[in-house]
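Data block below; observations after.
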Amino acid sequence: MPLADLTFEQWRAFAPSDARRAALDAAEAVNGRVTAVETVEHLGASLHRVRVEREGQEFALIPGGRLTLGFDLDTWQPTPEQAADYAESWDAGFGYAPELRAHLVRVLSPRRSVVLPTVLMAVEDENMDAPPADIPVLLEARGLRMPTSDEWEHACGAGANTLFRWGHECPLDRIPYGDRVGPHNQPNAFGLRIAYDTYRTELTTDTTAVHGGDGGESACGGYGHLLAWLPLATANRQPDMADFVYGPDGEDVYETFSTRPVLGL
């Protein structure tokens, strides 16, 4: 079976020896070297993490296959504390609707089924040194490409159906910016440093969405605690921020955006 056809479910069933063999195959395919193969607990079972170094940059193995992405608002209930925090933000003039669920409908991607290839994705996002339209060509010259929006969301959530990659809740006594002990500081299940700083704005091939942060808008604007954490939500596509990034106002500030390169297998 080609490594690109490896599915997330198959990967979760691999023994450590199988995972190491796949790691070596992935490294060989991209002329890289394996730097780590480890096993962590995720979603009540074991999950292998693989890192491959290529030309000084570290990548994590992201198994694909048929996957369910997006956030299921029909089965989710906010905690009383989340609802109250959002109500305070709404009263202060922030948010898209009086009720939290209606606000989330506006910013989160819907539940859906997709099929994705297995890829290697950069452990760290990298700052952009050219306008978004020029990035695909620059990455191609390095043998890389931008991720799709679906690939980013899957890489972030790693199969979790929760609001954030770490669960449904977030600290409501502080905002994530400047918080060095919050759950966003830990690597995700695949070993990526992702959805970790709301001042980041990660771009994919989808010009209607940005991921992993809002450029600091919510923190700087004093939107409230929950609204300051929501840019880190796995399915948050932040359409208004995307309009800014790809509109005339974003043309001269592309250095503040980033992308997370992908290596095909």
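Salt-bridge check for Arg21 with Asp18: passed, with a basic side-chain N closer than 4.0 Å to an acidic carboxylate O.
Using a 30° and 60° split on the angle between ring planes, Trp76 and His168 fall in the tilted class, from 30° to 60°. Classified by interplanar angle (parallel below 30°, tilted 30° to 60°, perpendicular above 60°), the ring pair Trp166/Trp229 is perpendicular.
Heavy atoms of other residues, nucleotides or ligands lying less than 6.0 angstrom from CD of Glu124 number more than 12. Heavy atoms of other residues, nucleotides or ligands lying less than 6.0 angstrom from OH of Tyr177 number 12 at most. Arg20 CZ: 12 or fewer foreign heavy atoms inside a 6.0 Å radius.
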CA sep, side-chain torsions, deciding dist, call: Thr204, Asp206, side-chain hydrogen bond (donor to acceptor under 3.5 Å, both in side chains): CA-CA 5 Å; Thr204 67; Asp206 185 350; 5.5 Å; no
Please determine whether side-chain hydrogen bond (donor to acceptor under 3.5 Å, both in side chains) holds for the pair Arg66 and Ser113, giving the CA-CA distance in whole Å, both sets of side-chain angles, and the decisive distance to 0.1 Å. CA-CA 7 Å; Arg66 182 165 294 281; Ser113 178; 3.1 Å; yes
Please step through side-chain hydrogen bond (donor to acceptor under 3.5 Å, both in side chains) for the pair Arg237 and Ser149, ending with a clear verdict. CA-CA 9 Å; Arg237 299 170 65 86; Ser149 185; 3.0 Å; yes
Salt bridge (charged side-chain N to carboxylate O under 4.0 Å, His left out) assessment of Glu28 paired with Arg33: CA-CA 7 Å; Glu28 182 180 6; Arg33 65 182 183 89; over 6 Å; no
In sequence, state the C-alpha distance, the side-chain angles, and the governing distance for Tyr254 and Asp129, and then conclude on side-chain contact (heavy atoms from CB on, under 4.5 Å). CA-CA 7 Å; Tyr254 57 79; Asp129 56 4; 5.5 Å; no
Between His42 and Phe190, does the ring-ring contact (aromatic ring centres under 6.0 Å, His included) criterion hold? Intermediate values first, please. CA-CA 10 Å; His42 179 59; Phe190 288 135; 7.3 Å; no
Between Tyr96 and His103, is a ring-ring contact (aromatic ring centres under 6.0 Å, His included) present by the stated rule, with each step listed? CA-CA 5 Å; Tyr96 290 119; His103 171 85; 5.2 Å; yes
Salt bridge (charged side-chain N to carboxylate O under 4.0 Å, His left out) between Glu38 and Arg51, worked out: CA-CA 9 Å; Glu38 56 190 8; Arg51 290 198 301 277; 3.5 Å; yes
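For the 3.5 Å distance criterion, the side chains of Asn127 and Arg200 qualify, holding a donor opposite an acceptor. Between the side chains of Thr259 and Glu202, no donor-acceptor pair is found at a separation under 3.5 Å. Between the side chains of Ser109 and Glu153, at least one donor N or O sits under 3.5 Å from an acceptor N or O. Checked by atom type, the side-chain pair Tyr86/Glu99 shows no donor-acceptor distance below 3.5 Å.
Closest heavy-atom contact between Gly224 and Ile175: O-CG2, 4.4 Å. A pairwise comparison of heavy atoms in Arg49 and Ala189 identifies NE-O, 3.0 Å as the closest pair. When all heavy atoms of Val123 and Arg260 are compared, the pair lying nearest together is O-NH1, 2.7 Å. Taking each heavy atom of Thr79 and Glu169 in turn, the nearest pair found is CG2-OE2, 3.6 Å. Closest approach of Gly215 to Thr201, counting heavy atoms only: N-OG1, 3.1 Å. The nearest pair of heavy atoms linking Asp150 to Arg112 is OD1-NH2, 2.8 Å.
Evaluation of the salt bridge (Lys or Arg N to Asp or Glu O under 4.0 Å) rule for Arg142 yields Glu126 as partners, not counting sequence neighbours.
Checking side-chain atoms of Arg165 against main-chain N and O of Ala158 turns up no donor-acceptor pair under 3.5 Å. Looking only at distances, a side-chain donor or acceptor of Thr118 sits under 3.5 Å from a matching main-chain atom of Leu6. The main-chain N or O of Val137 is never found under 3.5 Å from a side-chain atom of Glu140 such that the two would form a donor-acceptor pair. Within the 3.5 Å criterion, the main-chain N or O of Ser258 finds no donor-acceptor partner in the side chain of Asp125.
The shortest side-chain heavy-atom distance between Arg111 and Asn161 falls under the 4.5 Å cut-off. Using a 4.5 Å heavy-atom threshold, the side chains of Ser46 and Glu41 count as separate.
Among Val119, Leu265, Leu120, the one residue that satisfies the side-chain contact (heavy atoms from CB on, under 4.5 Å) test with Leu3 is Leu265.
Aromatic ring centres of Phe8 and His154 lie closer together than 6.0 Å.
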